[in-house]
Amino acid sequence: LGIPNKEVQLSFNDMVIDYLTGQPVERTRYQDKLYEYLENGDVDALGTTIKTLFAGIAYNNYVNNTISSYEGYYASVIYAYLASLGLEIIPEDVTNKGRIDLTIKIADNIYILEFKVDGGDPVVTGAETALQQIKDKDYQQKYIHDGKTIYLIGIDFDAEKKNVSSVKWEKV
């Protein structure tokens with residue numbers, strides 16, 4: 001099966017994000033803001049919006065399972081949410097040195113995101129570890145000649161709190 005056009009794709013994405021987050025009423029308001037933040041390069045507001053997204057997911061989704069311990073869960077929710085905006089998104093974006101967890105392209109910006117779950121320690125947060133991985137593997141090199149502003153973003157999730165624990169980023 002295939003998706004015949006963009007309208008059907010957006011509707012399908014909306015249904016998936018409704019299912020994953022349980023937030024059909026507030027979704028549009030958050031989507032508009034999130035799109036604006038990405039377009040304007042407001043990474044701090046992006047981080048806050050992601051925290052709000054996960055704070056609104058029903059507790060029942062985590063009962064009797066360990067889903068909050070897996071990076072793939074968080075990446076999938078973020079992917080589905082961003083896909084509902086109709087953005088160009090590349091999950092598991094392959095480079096010559098590894099895979100970027102998620103790449104987002106919008107207007108004059110490219111966002112390279114790396115996720116960790118419970119990746120911190122007393123000295124270095126998981127977000128710092130994720131950001132360092134992006135830099136160590138030089139993931140941005142793939143897009144350096146696109147003529148766009150590149151944002152490197154490390155996000156760490158806390159499995160117990162079921163939300164973002166830290167966000168670190170740099171502009172290239």
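Residues Leu131 and Trp169 have side chains not in contact (no heavy-atom distance under 4.5 Å, counting atoms from C-beta outward). Considering only heavy atoms from C-beta on, Tyr139 stays 4.5 Å or farther from Leu152 through its side chain. Contact annotation: the side chain of Asp101 never approaches that of Leu113 to less than 4.5 Å [non-hydrogen atoms, C-beta and beyond]. Between Tyr74 and Val77, the closest side-chain pair of non-hydrogen atoms is not below 4.5 Å. Contact check for Ile155 versus Lys116: no side-chain heavy atoms found under the 4.5 Å cut-off. Between Asp146 and Ile110, some side-chain heavy-atom pair lies under the 4.5 Å cut-off. Val172 places none of its side-chain heavy atoms less than 4.5 Å from the side chain of Thr149. You'll find the side chain of Asp42 stays beyond 4.5 Å of the side chain of Leu46, heavy atoms only.
Within a 6.0 Å radius of CG in Asp138, other residues, nucleotides and ligands contribute more than 12 heavy atoms. Annotation: Lys142, atom NZ; neighbour count of heavy atoms from other residues, nucleotides and ligands within 6.0 Å is above 12.
Checked by atom type and distance alone, the side chain of Thr66 never pairs as donor or acceptor with a backbone atom of Ser69 at under 3.5 Å. Formation of a donor-acceptor pair under 3.5 Å by the Asn109 side chain with backbone atoms of Leu38 is found in this model. The closest donor-acceptor contact from the side chain of Asn65 to the backbone of Ile67 lies under 3.5 Å. In terms of modelled atom types and a separation under 3.5 Å, the side chain of Lys171 and the main chain of Gly41 share no donor-acceptor contact. Under a 3.5 Å cut-off, the side chain of Ser165 and the backbone N or O of Asp156 do form a donor-acceptor pair. Put simply, the side chain of Lys162 gets close to the backbone of Glu160: a donor and an acceptor are under 3.5 Å apart. Asp93 contributes no side-chain N or O that, together with a main-chain N or O of Thr103, makes up a donor-acceptor pair within less than 3.5 Å. A donor-acceptor pair is defined here as one N or O able to donate and one able to accept, closer than 3.5 Å; no such pair exists between the side chain of Tyr143 and the backbone of Ile150. Proximity of a side-chain donor or acceptor of Tyr151 to a complementary backbone N or O of Ile112 within less than 3.5 Å is not detected.
In the hydrophobic clustering of ILVMFWY residues, with side-chain heavy atoms under 4.5 Å counting as a link, Tyr81 and Tyr37 come out apart. Hydrophobic clustering (side-chain heavy atoms under 4.5 Å, transitive across Ile, Leu, Val, Met, Phe, Trp, Tyr) groups Leu102 together with Ile153. Both Ile104 and Ile50 belong to a common hydrophobic cluster when Ile, Leu, Val, Met, Phe, Trp and Tyr are linked at side-chain heavy-atom distances under 4.5 angstrom.
The line from CD of Glu114 to CD of Gln133 is 4.0 Å long, rounded to the nearest 0.5 Å. The CG atom of Leu34 lies 8.5 Å from the CG atom of Leu53; values are rounded to the nearest 0.5 Å. Note that CD of Glu170 and NZ of Lys135 are 3.5 Å apart. Values are rounded to the nearest 0.5 Å. Between the CG atom of Leu82 and the CG atom of Leu87 there is a distance of 6.0 Å, given to the nearest 0.5 Å. Distance check: Thr49 OG1 to Phe54 CZ gives 12.5 Å after rounding to the nearest 0.5 Å. How far OH of Tyr70 is from OG of Ser76: 13.5 Å, rounded to the nearest 0.5 Å.
Of all heavy-atom pairs spanning Gly126 and Ser166, the tightest one is N-OG, 4.3 Å. When all heavy atoms are compared, the tightest approach of Ala159 to Ser68 is O-OG, 3.1 Å. Of all the heavy atoms in Gly154 and Ala130, the pair that sits closest is CA-CB, 3.7 Å.
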Notebook entry, point to check: What do the steps show when you test Val164 against Asp158 for side-chain contact (heavy atoms from CB on, under 4.5 Å), and what is the final call?
Noted result: CA-CA 6 Å; Val164 174; Asp158 183 311; over 6 Å; no

Note to self: Determine whether Ile134 and Gln140 satisfy the following criterion, side-chain contact (heavy atoms from CB on, under 4.5 Å), listing intermediate values before the conclusion.
What the structure shows: CA-CA 8 Å; Ile134 295 169; Gln140 69 276 9; 4.0 Å; yes

Checklist line | Thr125/Lys168 under side-chain contact (heavy atoms from CB on, under 4.5 Å): CA gap, chis, key distance, verdict | finding: CA-CA 9 Å; Thr125 68; Lys168 297 291 178 187; 4.3 Å; yes

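Looking at residues two or more places apart in sequence or on another chain, you find a side-chain hydrogen bond (donor to acceptor under 3.5 Å, both in side chains) between Tyr62 and Tyr73. The side-chain hydrogen bond (donor to acceptor under 3.5 Å, both in side chains) test applied to Gln132 returns Asp136, not counting sequence neighbours.
Note: Phe115 and Phe157 have tilted aromatic rings, judged against thresholds of 30 and 60 degrees for the angle between ring planes.
Of the N and O atoms on the side chains of Lys97 and Gln141, not one donor lies less than 3.5 Å from an acceptor on the other residue.
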